Amino acid sequence: MTGLLRRPEVGALVAAFGIFLYFSISTSAFLTPAGVATWLYSSSLFGIMAVAVALLMIGGEFDLSAGAMTGTTGLIVGIATTQWGLNVWLALVLALAAALLVGAFNAWLVTSTALPSFIVTLATFFILQGLNLAVTKLLTGTVAIQGLGAVTGFDQARVLFGSSFPLFGMDVKISIVWWILLTALATWVLLRTRFGNWVFAVGGQAASSRQVGVPVRRVKFGLFLTTAGAAWLVGMLQLFDVSTVQATTGIGQEFVYIICAVVGGCLLTGGFGSAIGAALGALIYGMALQGIVFAQWDSNWLKAFLGGMLLLAVLVNLGVRRQAGDRS
Amino acid sequence: MTAAEPLGAADARTPLLEVRGLGKSYGSVRALSGVTASIGAGEVLCVLGDNGAGKSTLIKVLAGAHGHTEGTLLAHGIEQHFASPRDALSRGIATVYQDLALVPLLPVWRNFFLGAEETVGHGPFRRLAVAAMRATTRDSLVTLGITLRDVDQPIGTLSGGERQAVAIARAVHFGAELVILDEPTSALGVTQAGLVLRYIARARDRGLGIVFITHNPHHAWAVGDRFLVLRHGTSLGEFARDGITLDALTGLMAGGEELDALGPLLGRPASAGDAL
């Protein structure tokens with residue numbers, strides 16, 4: 001196969017183009033500046049997480065707690081500022097520290113017990129889901145935190161996480177910039193740094209990597225912390241966009257991230273994939289999510305579409321693995 | 001049994017590695033004893049023996065994984081007691097194990113440099129020296145007689161023999177003067193095994209010392225300068241190529257008299273079955 005076709009993200013690129021064309025032609029709202037800004041924003045929130053989750057998956061692990069963690073970080077900032085009167089920036093740091101702690105906990109459990117990360121993070125997912133609801137209710141009496149707009153310092157932090165700027169007639173949200181920057185950074189790290197080389201190696205064959213001196217444990221810690229950091233960022237982007245946060249935020253999205261990564265060419269077994277692919281996977285999801293709304297279909301079609309995409313991607317990826325990996 | 005022949009390729013150079021009366025005991029279990037052999041640059045020493053003959057113990061001692069408990073081990077004429085594989089590596093002795101320590105989905109050049117990647121730039125701009133590593137990989141493989149169309153292909157797409165060669169080339173690139181090959185041909189078919197033997201000969205011609213562990217006397221005979229035969233944990237002697245024949249070697253290794261005794265029981269001549 002040629003160099004181009006060997007890239008993991010080629011399938012996603014073709015699919016993204018097809019979906020873009022379909023909704024552009026079949027709906028009138030999809031290609032308007034407002035329409036484009038909408039699906040790009042939607043894609044960006046999934047995309048940031050999908051890129052981080054893709055790195056982790058290339059490194060051979062899963063993180064099912066990533067979705068709930070976006071809610072946890074938002075809730076921490078919400079409670080710390082509105083209930084305890086904490087400075088917004090301190091609250092941001094507190095939330096980041098909490099997310100990294102959960103990430104480190106996941107990494108520690110996975111690397112020291114050799115249990116599948118699927119099970120370990122499934123457990124932390126449920127713990128976080130429960131805590132998000134129970135603790136929020138306990139402290140505020142409700143399951144949603146509002147009134148963040150009145151908190152001092154909120155507007156400054158909003159510049160980083162909730163602002164937007166005009167471009168080509170669109171109202172472009174800052175999260176789209178974060179998404180593009182992080183995808184570029186992740187791609188560079190994966191393909192052009194030692195750490196990136198180790199991520200592929202650790203996910204592809206941990207035993208061999210250890211034999212040639214790759215610090216397997218450190219790599220996995222780095223990956224889980226990256227996912228946690230991304231969950232914090234997405235939590236902040238959502239929080240500062242709408243100034244409210246629900247205790248159920250992020251629940252159910254952990255699988256969307258994984259699906260985006262797989263649609264983008266990541267193997268479920270690790271060792272292969274790309275950050276750009278995951279970003280394209282998120283773009284496909286975002287376009288379908290909003291396109292179905294624009295087309296005024298029943299939104300339940302989205303799930304069926306998602307399942308179909310996943311199946312297709314897994315079948316394509318299977319061919320990749322047959323070609324290269326299973327010969328040894 | 002006859003003692004080792006005087007060194008065939010007699011020259012003034014000190015052997016890369018020499019062992020005299022080498023032995024290894026694990027507690028009260030004596031796994032290996034009485035091994036005397038030497039290996040110089042551009043030579044292939046074949047270590048022959050059946051399963052359980054002590055081959056893996058010998059590898060572990062030479063590779064530095066386990067220290068020896070009897071005899072002496074000299075690297076470049078200086079007595080050594082390896083405490084770790086790193087120790088052996090620093091004396092130019094590298095071991096290529098059967099699993100090769102490769103990552104199938106990773107491109108050839110990334111495998112070649114895995115764990116010892118070359119970088120350029122500083123601080124946050126420190127990055128892989130991709131072009132240099134690609135070129136080095138390509139050149140190292142060419143010296144072993146392999147021309148890959150594309151060093152970016154996943155190493156899993158290479159044949160078993162080619163992967164073995166990548167592992168050898170990697171060891172040499174990172175400073176090995178003597179490479180211990182642990183049964184490099186045993187998991188391969190006839191064609192691939194032949195390929196590996198060609199790479200071994202090629203590496204030998206480039207001045208590398210090679211310890212070739214095998215249980216196949218035909219493979220050993222194809223490339224060996226000297227033959228060390230092990231049985232039941234002891235050395236049956238080190239033989240120069242002109243001091244022994246293939247038949248004698250085969251007989252010695254398999255325990256000829258044991259096979260002779262078995263002959264009548266087996267009842268028929270060897271059939272034309274699977275030739276692996």
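Below, read A as the first sequence line, B as the second, and so on, with proteins coming before strands; counting in each chain starts at 1. For clarity, every value in this text was computed on a predicted model and none was experimentally measured.
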Subject >> Derivation and outcome, side-chain contact (heavy atoms from CB on, under 4.5 Å), residues L100(B) and Q211(A) >> reply: CA-CA 9 Å; L100(B) 303 179; Q211(A) 265 192 60; over 6 Å; no
**OP:** Quick one: closest heavy-atom pair of W198(A) and E117(B), and the distance?
**Re:** NE1-OE2, 2.9 Å
Original post:
So what's closer than 4.5 Å to chain A heavy atoms on F174(B): side chain, backbone, both or neither?
Top reply: neither
Original post:
Atom CD of Q205(A) and atom CG of L114(B): how far apart are they, to the nearest 0.5 Å?
Top reply: 11.0 Å
Subject >> Contacting moiety of A116(B), where chain A heavy atoms sit under 4.5 Å >> reply: backbone
Original post:
CZ of R192(A) to OG1 of T119(B): how many Å apart, nearest 0.5 Å?
Top reply: 13.5 Å
**OP:** Find out whether R194(A) and L128(B) are in side-chain contact, i.e. whether some heavy atom of one side chain is under 4.5 Å from a heavy atom of the other.
**Re:** yes
**OP:** Working to the nearest 0.5 Å, report the span between CG of L106(B) and CG of N197(A).
**Re:** 5.5 Å
**OP:** With a 4.5 Å cut-off on heavy-atom pairs, point out which of G115(B), A101(B), P85(B), A129(B) contacts chain A the most.
**Re:** A101(B)
**OP:** For residues S209(A) and V103(B), report the shortest heavy-atom separation together with the two atoms involved.
**Re:** OG-CG2, 4.1 Å
**OP:** Decide if atom NE2 of H81(B) counts as having more than 12 heavy atoms of other residues, nucleotides or ligands within a radius under 6.0 Å.
**Re:** yes
